[in-house]
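Quick note on labels: first sequence line is chain A, next is B, and so on, each numbered from 1.
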Number of protein chains: 2
Amino acid sequence: MSSEKYENELYDLAELFKMFGDSTRIKVLFELCESELAVCDLAERLNMTQSAISHQLKILKQSKLVKSRREGKSIIYSVADEHVRSIIALGMEHIEE
Amino acid sequence: MSSEKYENELYDLAELFKMFGDSTRIKVLFELCESELAVCDLAERLNMTQSAISHQLKILKQSKLVKSRREGKSIIYSVADEHVRSIIALGMEHIEE
DNA sequence: TTAACATATGAATAGTTGCTCATATGTTAA
DNA sequence: TTAACATATGAGCAACTATTCATATGTTAA
């Protein structure tokens, strides 16, 4: 039984896709694929509260899908891994059918 | 704001990745990528109840990621879309780093 | 038809999760 | 230092979801 052999990998894989499996998070990732953004700008673009976005960014950062740096009063977030773009692109291919 | 333009696509995309974002479902998909299987065989391989697997298969079928056919007393499930394989493969690439 | 096997399904439950609200932390300009 | 701005975070709640249990549906062989 192959999935038993890959037990841990498949668990991690589910955790990875879970990150893309929420409307808010995938919107955040999608925006960050186009340009790096501060938390308040993300919140404004997605029409959500700063708190909600900040909570999701924390989860995305823990999963190492986004990274951040301070710039004055703001924290600028950006995509941490090129795989984010390719995973979203591949998913889009599937949707558009 | 780009994500607003793609509002519906991103919602569907999240729904797609949600399917891959559960340990049980991704194990099922992974097994089915290797060979088509009856429900009871899947349940045995994953060491889970027939009911639990059946419930998840229903969800996967609604999402059009798996298909099924009857063969005697059994229902044989298989992957419905080649994208399933490529999405899992791409995710695996990300994990193995 | 009946028994045995295979699958599907509805209800109930326990666990998870995303958001809100309030507030803390950190930065900058006056 | 103080006020204004930007972000992070913990607690609480409401909504969602994966599993279990019991049972219904469907198929085959005797």
- Message: Within the 4.0 Å heavy-atom criterion, would you say B/Ser74 contacts the bases, only the backbone, or no part of the nucleic acid?
- Response: sugar-phosphate
- Would you mind telling me which of A/Leu42, A/Val28, A/Ile53 makes a side-chain contact (heavy atoms from CB on, under 4.5 Å) with A/Met48? A/Ile53
- Query: What distance do A/Glu93 atom CD and B/Ile87 atom CD1 have between them, rounded to the nearest 0.5 Å?
  - Reply: 9.0 Å
- Query: Could you give the distance from OH (B/Tyr11) to CD1 (A/Ile26), rounded to the nearest 0.5 Å?
  - Reply: 12.5 Å
- Can you sort out which residues in residues 14-30 of chain B have a heavy atom within less than 4.0 Å of DNA chain D? Ascending by number, please. B/Asp22, B/Thr24, B/Arg25
- Note on the structure: Note: for A/Ile59 and B/Lys73 on DNA chain C, the residue whose nearest nucleotide lies more 5' is B/Lys73
- Look at the side chain of B/Ser51 and the base of C/dT9, then say whether one donor and one acceptor between them are separated by less than 3.5 Å. yes
- Item | Consecutive-pair stems (3 or more, Watson-Crick or G-U, under 3.5 Å) for DNA chain D | C:1-30 with D:1-30
- Is B/Arg69 salt-bridged to B/Glu71, cutoff N-O under 4.0 Å? yes
- Query: Want to settle it: does A/Ser54 or B/Ala52 sit nearer the 5' end of DNA chain D, counting the closest nucleotide to each?
  - Reply: A/Ser54
- Message: Over 60° means perpendicular and under 30° means parallel, so tell me whether A/Phe17 and B/Phe20 are parallel, tilted or perpendicular.
- Response: tilted
- Query: Does the side chain of A/Glu31 come under 3.5 Å of the side chain of B/Ser3 through a donor N or O and an acceptor N or O?
  - Reply: yes
- Bounded by its outermost nucleotides with an atom under 4.0 Å from a heavy atom of chain A, the footprint on DNA chain D reads D/dC5 to D/dG10
- Any side-chain heavy-atom pair of B/Lys61 and B/Lys58 under 4.5 Å: no
